[in-house]
Amino acid sequence: MLKSHACGELGTEHIGREVVLAGWVHRRRDHGGLIFIDLRDHDGIVQVVFHPQEGPEAFRVADAARSEYVLQVRGTVARRPAGTENPNLPTGEVEVRATGARVLNAARTPPFYVDDDSDVEELLRLKYRYLDLRRPRMHRNIVVRHRLAKAIRDFLTERGFLEIETPILTVPTPEGARDFLVPSRIHAGRFYALPQSPQQYKQILMVAGFERYFQIARCFRDEDLRADRQPEFTQLDLEWSFAEEDDILSLIEELMVSLARCFRPDVKFPSPFPRLTYEESMERYGTDKPDLRYGLELHTFSDILAGTQFGVFRQVLAEGGEVRGLCLPGGAEASRRQIDEMTEVVKHLGAKGLVSFALMGEGGLDSLAEDDVRSPVARYFSVEEVRHMALRAGARRGDLLLLVADRPKVANRALDGLRRYLARRLGLADPKTFSFCFVVDFPLLEWDEEDGRWYSVNHPFTAPKAEDLPLLDSDPGRVRARAYDLVCNGWELGGGSIRIHDRELQERVFRLLGLGPEEARASFGHMLEAFEFGAPPHGGIALGFDRVVALFCDEDDIREVMAFPKTKSATEPMTGAPGPVTDEQLRELHLRIREE
RNA sequence: GGCCCCGUGGUGUAGCGGCCAACAUGCCUCCUUGUCAAGGAGGAGAGCGCGGGUUCGAGUCCCGUCGGGGCCGCCA
């Protein structure tokens with residue numbers, strides 16, 4: 001080894017010890033007759049002092065060293081002279097007095113500062129990711145990622161779960177996200193698909209009798225990227241035979257609690273995790289992944305406004321739309337400009353506009369008078385209507401009612417966005433709270449207007465709730481699934497379901513999805529066949545591991561917790577992926593590039 | 001597929017129709033023995049992503065294009 005100690009581990013207990021360190025020049029402070037170098041390695045930073053008398057050779061090395069040079073330093077750990085301790089550094093009570101040093105490798109001047117504070121363009125960071133990852137925060141994120149993975153493996157191993165690998169080269173499926181395809185050299189015109197998740201394999205493992213499976217699995221989806229979505233990502237995938245909803249939710253709750261206690265003792269979280277139904281979540285928050293750290297709950301006012309004089313609302317209601325909205329406490333004083341901004345937010349999300357009512361004046365709502373209601377459209381609304389809405393929304397004088405009228409889907413999307421916008425603007429979301437919750441009872445199916453057919457909300461193996469089975473033929477849209485999501489602070493951390501283990505029910509669901517026996521056999525024949533050989537009832541869940549890590553690292557973008565993420569346009573600037581291939585490679589794969 | 005923001009020395013920004021494109025930081029040289037974003041003095045370094053247009057004149061306005069980012073759609 002070229003080093004005896006790590007820079008970051010040195011402390012007062014090492015005083016007097018001779019050490020050999022190796023690391024990078026984090027910062028160099030040249031006082032002419034005395035040079036300080038902050039030496040950084042994987043574990044941290046320590047100050048090295050170079051005296052021309054104590055180590056003339058070492059001093060010459062320090063004189064020539066520059067940022068990011070790789071140095072080996074021999075020296076003695078010493079207590080810093082009184083008054084020169086650095087409380088900002090974990091090793092700040094000591095320093096290493098260099099007696100010898102050599103340059104292990106010089107370095108070009110880095111394109112950006114290796115420092116947490118420098119705000120560098122994403123492209124540059126990714127192109128020089130090895131420098132970006134040297135920054136303490138990024139470095140720490142990758143370490144935390146590893147520790148979380150280990151903690152999860154230990155937790156599940158203790159509970160009898162077995163980590164089993166599943167193939168990366170698998171078969172394309174018609175349902176779900178766009179597949180990444182890998183052409184087969186041996187079979188002309190045929191393709192492997194990279195797994196969107198190990199879904200089918202893990203269910204087959206249940207049929208194989210392993211009962212408790214998990215995997216920290218790489219997954220691939222060829223869809224557009226977001227802050228919380230990469231084409232290549234990692235799932236904590238889990239499947240459990242003979243388990244029911246409560247077993248899986250309890251297990252996941254226990255797991256998250258143990259991780260939070262261990263990794264983020266500074267945060268609060270609810271116990272037990274609240275569970276709300278999909279319907280309730282949509283009604284109260286307009287989304288299936290609500291941020292429960294703050295209120296601003298949504299309300300429906302359609303019934304109150306059934307006889308409204310306001311033409312815009314009347315028309316929306318006549319067309320089957322809803323008038324929904326929320327109350328912004330203390331918002332009555334909002335400026336025209338602020339309300340304009342809120343209007344922009346909802347318009348960007350598809351709403352036609354935003355109607356506001358400021359409740360002015362003093363006293364209870366009973367005494368609310370026409371003059372107390374300030375609104376651009378006040379003249380179309382009676383005081384009674386406004387009072388009723390205010391009562392339902394729990395509003396008081398001094399508050400602001402904000403209304404959107406549209407198809408439920410659009411109104412919810414707009415109000416969810418408005419709610420998050422307001423929370424961000426007003427700083428309502430406490431960063432020291434993990435507001436975990438489970439959203440349950442998702443609908444099984446969703447009607448697609450464009451394609452004119454039903455789609456699985458989760459995936460085709462999700463079991464319907466037993467009490468809703470009679471609706472399967474009569475009113476498929478109302479059938480609820482035995483599906484659940486884990487949500488935290490507005491992030492969908494994961495989801496899963498109890499699966500169908502009965503071949504006949506599976507075929508009914510396939511039929512509803514427009515898959516006849518032939519097509520079903522073509523795509524899922526292996527599953528159907530496996531289920532004929534004694535499939536145990538089973539269920540599972542998959543958590544977005546990158547999102548979990550980001551949550552624990554206090555990052556709002558999963559790229560910050562991935563070593564080598566991709567850009568928004570799915571490229572990898574360091575290697576240049578995706579790259580071109582030779583004609584010979586194409587020929588072997590039986591492919592030809594079509595000129596557009 | 002749609003909407004929005006950004007693109008100026010190595011890095012981060014300012015400049016928003018007209019003197020040699022400014023500031024900070026980094027870099028280089030010199031000075032400096034207790035700093036820790038060390039300090040002081042001096043210096044080099046960009047013609048404003050790319051292409052076209054408007055104009056007497058364009059980082060500055062317009063169109064296109066490329067790249068980065070945010071959002072909607074998409075993501076079983």
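Throughout, a chain's letter reflects where its sequence line sits, starting with A, and its residues are numbered from 1. Note that these values count all heavy atoms, side chains included, but never hydrogens, waters or copies made by symmetry.
Side-chain proximity of A/Thr567 to B/C27, B/G69, B/C71: nearest is B/G69. Candidate nucleotides B/C74, B/G34, B/C72 were compared by shortest atom distance to the side chain of A/Arg413, and B/C72 ranks first. Here the nucleotide nearest the side chain of A/Asp224, chosen from B/C36, B/U11, B/G73, is B/G73. In the set B/G70, B/U33, B/C36, B/C36 carries the atom at the smallest distance from any side-chain atom of A/Arg80. Of the candidates B/A37, B/G68, B/G34, B/G34 carries the atom nearest the A/Val49 side chain, counting heavy atoms from C-beta on. For A/Glu121, counting side-chain heavy atoms from C-beta on, the closest listed nucleotide (B/C27, B/G12, B/G34) is B/G12.
A/Glu492 comes within 4.0 angstrom of no nucleic acid atom, judged by non-hydrogen atoms across all strands. Counting non-hydrogen atoms under 4.0 angstrom, A/Phe36 reaches a base of the nucleic acid. When heavy atoms are screened at a 4.0 angstrom cut-off, A/Glu85 is found touching base atoms of the nucleic acid. Looking at heavy-atom distances under 4.0 Å, A/Asp119 makes contact with sugar-phosphate atoms alone, never a base. Looking at heavy-atom distances under 4.0 Å, A/Gln47 makes contact with a base. At a threshold of 4.0 angstrom between heavy atoms, the contacts of A/Pro111 are confined to the sugar-phosphate backbone, with no base atom among them. Residue contacts shown for A/Arg178 are absent, as no nucleic acid heavy atom lies under 4.0 Å away. Across all strands shown, A/Asp222 has no heavy atoms under 4.0 Å from either base or sugar-phosphate atoms. Here A/Arg559 lies in heavy-atom contact (under 4.0 Å) with sugar-phosphate atoms only. Within the 4.0 angstrom heavy-atom criterion, no nucleotide atom of any strand lies near A/Ile35. In this structure, A/Ser197 reaches the bases: a heavy-atom distance under 4.0 Å links it to at least one base atom across the strands shown.
Put simply, A/Arg125 has no side-chain N or O that comes within less than 4.0 Å of OP1 or OP2 on B/U11. Between B/G67 and A/Thr571, no contact under 4.0 Å exists linking OP1 or OP2 to a side-chain N or O. Between A/Ser569 and the phosphate of B/G68, there is a side-chain N or O to OP1/OP2 separation shorter than 4.0 Å.
Mapping A/Arg29 and A/Gly32 onto RNA chain B by nearest heavy atom places A/Gly32 at the nucleotide closer to the 5' end. Mapped onto RNA chain B by nearest heavy atom, A/Arg221 and A/Leu349 fall at different nucleotides, with A/Leu349 at the one closer to the 5' end.
Of all nucleotides present, none satisfies the Watson-Crick or G-U wobble test against B/G73 with each distance under 3.5 Å. Judged by Watson-Crick or G-U wobble contacts below 3.5 Å, the nucleotide B/A14 has no partner. B/A46: no Watson-Crick or G-U partner with both key distances under 3.5 Å is found in any strand. Base pairing of B/G67: its partner is B/C6, meeting the Watson-Crick or G-U wobble criterion (both donor-acceptor distances under 3.5 Å). A 3.5 Å limit on both hydrogen-bonding distances identifies B/G53 as the Watson-Crick or G-U partner of B/C61.
A side-chain donor-acceptor contact under 3.5 Å links A/Tyr484 to the backbone of A/Ser497. Side-chain atoms of A/Arg324 never come within 3.5 Å of backbone atoms of A/Leu415 as a donor-acceptor pair (strictly under, hydrogens ignored).
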Evaluate A/Gln196 against A/Phe220 for side-chain contact (heavy atoms from CB on, under 4.5 Å), listing each step before the verdict.
CA-CA 5 Å; A/Gln196 296 177 27; A/Phe220 307 86; over 6 Å; no

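Note: A/Phe442 and A/Tyr278 have tilted aromatic rings, judged against thresholds of 30 and 60 degrees for the angle between ring planes.
A/His31 and A/Phe36 have their aromatic ring centers within a separation under 6.0 angstrom.
Other residues, nucleotides and ligands contribute over 12 non-hydrogen atoms within 6.0 Å of the NZ atom of A/Lys566.
Residue-nucleotide stacking is not present for A/His31 and B/G39, judged by a side-chain ring centre under 5.5 Å from the six-membered base ring centre and planes under 30° apart.
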